[in-house]
Amino acid sequence: YWDYDNLSDRIDNLPMRGAKGTTGTQASFLRLFDNDHEKVKQMEELIMKEMGFNSVVYLSGQTYSRKIDYNVLSTLSMIGQSTHKMCTE
């Protein structure tokens, strides 16, 4: 039950990196939209919804927060541990 609950929570709350270039900024999108921040924000919102996410990482460098990776891998590790326990006892 805990693994399922944790996985469901992770899926529901996992943020999308967002519409950002390789350096983690939206500079290229701002150029495309003549520095119209509202259009870039709307585009990111549309992409986020189309991809099935509820939120985006708003501040991102070249590497977004590694804590997100850690949380996902911890959840997968818990599932693996439970699977191993079920199969070896």
Side-chain angles (χ1 to χ4, degrees):
Y1 170 77
W2 289 324
D3 290 337
Y4 175 77
D5 192 42
N6 194 353
L7 180 62
S8 295
D9 181 61
R10 197 66 58 225
I11 290 170
D12 292 342
N13 295 304
L14 183 69
M16 179 179 156
R17 183 171 180 265
K20 296 171 182 63
T22 56
T23 60
T25 69
Q26 294 179 325
S28 56
F29 295 110
L30 283 169
R31 279 195 298 275
L32 286 172
F33 291 114
D34 296 320
N35 288 323
D36 188 333
H37 290 270
E38 191 57 37
K39 283 184 181 178
V40 173
K41 186 177 177 182
Q42 289 172 356
M43 177 197 65
E44 186 166 60
E45 184 83 16
L46 288 170
I47 292 170
M48 177 191 73
K49 288 181 180 177
E50 185 67 27
M51 299 288 291
F53 287 88
N54 298 319
S55 64
V56 296
V57 175
Y58 289 104
L59 296 173
S60 172
Q62 281 186 298
T63 55
Y64 69 104
S65 176
R66 292 298 174 217
K67 290 184 179 198
I68 294 170
D69 294 343
Y70 172 79
N71 285 331
V72 170
L73 292 174
S74 292
T75 299
L76 294 175
S77 174
M78 284 189 263
I79 293 169
Q81 291 170 42
S82 295
T83 303
H84 180 268
K85 183 101 172 134
M86 286 185 289
C87 292
T88 58
E89 290 190 358

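Rounding to the nearest 0.5 angstrom, the gap separating the CG atom in Leu76 from the CE atom in Met78 is 9.0 Å. We find the CZ-CD1 distance between Phe53 and Ile11 to be 10.5 Å, quoted to the nearest 0.5 Å. Atom-to-atom distance recorded for Arg10:CZ and Leu7:CG is 9.0 Å, nearest 0.5 angstrom. Rounding to the nearest 0.5 Å places CD1 of Ile68 at 12.0 Å from CE of Met16.
For the pair Met43 and Leu32, the minimum side-chain heavy-atom distance is 4.5 Å or more. Under the 4.5 Å side-chain criterion, counting only non-hydrogen atoms from C-beta, Lys41 is not in contact with Glu44. Two residues are said to be in side-chain contact when any heavy atoms from C-beta on lie closer than 4.5 Å; Thr75 and Asn71 fail this criterion. Glu50 is not listed as a side-chain neighbour of Leu46, based on a closest heavy-atom distance of 4.5 Å or more.
Residues Val72 and Val56 fall within the same hydrophobic cluster, defined by Ile, Leu, Val, Met, Phe, Trp and Tyr side chains chained together at heavy-atom separations under 4.5 Å. Met86 and Tyr4 are assigned to two separate hydrophobic clusters, defined by single-linkage of ILVMFWY side chains at heavy-atom distances under 4.5 Å.
Panel note: side chain Asn6, backbone Trp2; no donor-acceptor pair is recorded below 3.5 Å. A donor-acceptor pair under 3.5 Å is formed between the side chain of Ser74 and the backbone N or O of Tyr70.
Of all heavy-atom pairs spanning Lys20 and Phe29, the tightest one is N-CE1, 3.9 Å. Residues Ala19 and Ile47 come closest through the heavy atom pair CB-CD1, 4.0 Å.
The side chain to side chain donor-acceptor pair (under 3.5 Å) test applied to Glu38 returns no partner, not counting sequence neighbours.
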